[in-house]
Amino acid sequence: MLEHQDGPLIVQSDMTVLLDYEHPMAEEARRKLILFAELVKRPGNWHTYKMSSLSLWNAASTGMDAASIIDSLKQYARYGLPGVLETNIRILMERYGKLRLEISEGKLLLYGEESLLHELAGHSVIAECLQERINGGTWEVSPEHRGQLKQELIRLGFPVIDLAGYHTGEALSVALRHVTKQGRSFMLRDYQHQAVNLFYKEGTIQGGSGVVVLPCGAGKTIVGIAALARLNSATLILTSNATSVQQWKEELLDKTTLLPSEVGEYTGSSKQVRPVTIATYQILTHRKSKKDSFSHMKLFSERDWGLIIYDEVHLLPAPVFRMTADIQATRRLGLTATLVREDGCEEDVFSLIGPKQFELQWKTVEAEGHIASVKCTEIRVPLDQGISELYHSSEKRSRARLAAENPGKVTVVRQLLERHQGTPTLIIGQYLDQLHALADSLAVPVITGELPQQERQSLYEQFKAGDVPVLAVSKVANFAVDLPDAAVAIQISGSYGSRQEEAQRIGRILRPKGGLNEAWFYTIVTDDTSETEYAARRQMFMLEQGYQYELEKR
DNA sequence: CACGACGAAA
DNA sequence: AGGAGTTCGTCGTG
């Protein structure tokens, strides 16, 4: 492999990699890097990536090996690789595949090297899951502990390849339509087809559980529906909110041969359990009080599901993980646009739902024209003298709010609205006071949680029709699936350092536009305050996806 | 019974 | 660490 003395990467022994973003080869290096490392910091033009056991195992699960990772690093490393790092990568990558779960003669067996198994069995949590030592390299596992075992082993640093297979579940005859109910012709896109194939892994026992990562608007629902049609079995679909439940149902009826009587909604208002059932995470985790049990979890066993689809798997709540640990013999498909969680439960997604099976970079979908190309800009606004003094004399928590609600942001918003006059624009903010004040001074309607659904709908309609060109929205924008698409989004404040929120808000303007297929995202941040740090953290996921934020100062 | 309002939960 | 939002279930009203 060719080595460049002046490459864009500085590779350090603590598993971090610095990427010089100004370097001419930065882009191609980044494309390689994101396959096995995660962006953690971005001070100036140096982006800090970090390899973790999880980022390496996700890479391993999609077929990479230690050699190809080391080659990629060597190819772009400015000063070569520290020897200890090479060894670390090899050790971690070799761990993927050292332990296997398989079924033999009706018994669930854990295979591995004798010394390793001996050591692991010494941990009480592991011992609990193991039944009997068959021989040095084989232990019998109690089937009900299949999930817990995988979860505990990954915590100890040893991922398990689960080849124990799945039960088929109740049969259900379903096919994709070539012409939808609405009369449009319908075909899976290449990447959707590929995603289903990689999830299912025809002819092997390895497929059948894992996560598919596709950007907003790239048709995750279609991937789920195609998986369902491939498996032809009763399916439970879990998703984040009621609107999304309806959308799944509409898509299922529109694009498959399923009959309305075969698709059920399991929500607060209706509790249908049908061959295909769609439920919210909320109802599964709902309890009257803290000491009650999760009575709706019985939905998992109410029917013989052959497939469970976890939509928005990055939002999956902890109690559902616990249930999922118990149903490891059921096929599981996780869908998400951002596999980052803000609660650090990525390991549980990996061990209980499954490893990442397919990921499409946002920029790839953009290049194919399926989503708009977004120009991101961070605009720094100074804090007025008076407020600045107040800021410096305040407690840390009131500071964040002072910076976020900087009245100087209004002028910038006004300028941006002029710049993009005639283009549908969303103004998105975190604080109701701020939104109302801004909307008043700009004479723009506001949508917050207080506004009744009917009035929201009516504003959405007017926005779609172009009668209302600018709409101010609160955090409802994070959840509302039916919020119309826009071409410009102006973020005036957001919740701390949430990478997901940033991605979601940008997702609002991704739907393909005619013509140049362009969209604009502006994030307005108060200069010289902690808000700049939060803004930087928020941008991490988008930067990882290859987006760049231009910086404007006022 | 259909609905809207309200409090609790995560 | 905190603000805002959603959902579920219950209870009251027409």
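Per chain, numbering begins at 1; letters A, B, ... match sequence-line order.
Distances shown here put every side-chain N or O of A:K288 at or beyond 4.0 Å from the OP1 or OP2 atom of B:dA10. An OP1 or OP2 oxygen of C:dG2 is reached within less than 4.0 angstrom by a side-chain nitrogen or oxygen of A:R397. Contact annotation: A:S269 side-chain N/O to C:dC8 OP1/OP2 distance is not under 4.0 Å.
Because its NZ or CZ atom is both nearer than 6.0 Å to the ring centre of A:Y547 and within 45° of the ring axis, A:K363 counts as a cation-pi partner of that residue.
A:S240 comes within 4.0 angstrom of no nucleic acid atom, judged by non-hydrogen atoms across all strands. Using a 4.0 Å heavy-atom cutoff across all strands shown, A:T267 reaches sugar-phosphate atoms only and no base atom. Heavy atoms of A:A400 sit nowhere under 4.0 angstrom from any nucleic acid atom.
Side-chain atoms of A:Q539 and A:E378 include a donor-acceptor pair closer than 3.5 Å.
A tilted orientation is assigned to the rings of A:W57 and A:F350, their planes being inclined by 30° to 60°.
One interatomic measurement links the two molecules: CD of A:E450 to P of C:dG3, which rounds to 15 Å at whole-angstrom precision. Between A:K396 atom NZ and C:dA1 atom C1' the separation is 9 Å, expressed in whole Å. A:L238 places its CG atom 15 Å from the P atom of C:dT7, with the value rounded to the nearest Å. Separating the NE2 atom of A:H286 from the P atom of B:dG7 is a distance of 15 Å, rounded to the nearest angstrom. A straight line from OH of A:Y496 to P of C:dG3 spans 7 Å, rounded to a whole angstrom. When rounded to the nearest whole Å, the span between CG of A:L432 and P of C:dT6 equals 11 Å.
At a threshold of 4.5 Å between non-hydrogen side-chain atoms, the residues A:R332 and A:L352 do not count as touching.
Closest contact between the side chain of A:S495 and the listed nucleotides C:dG2, B:dA9, C:dT6 involves C:dG2.
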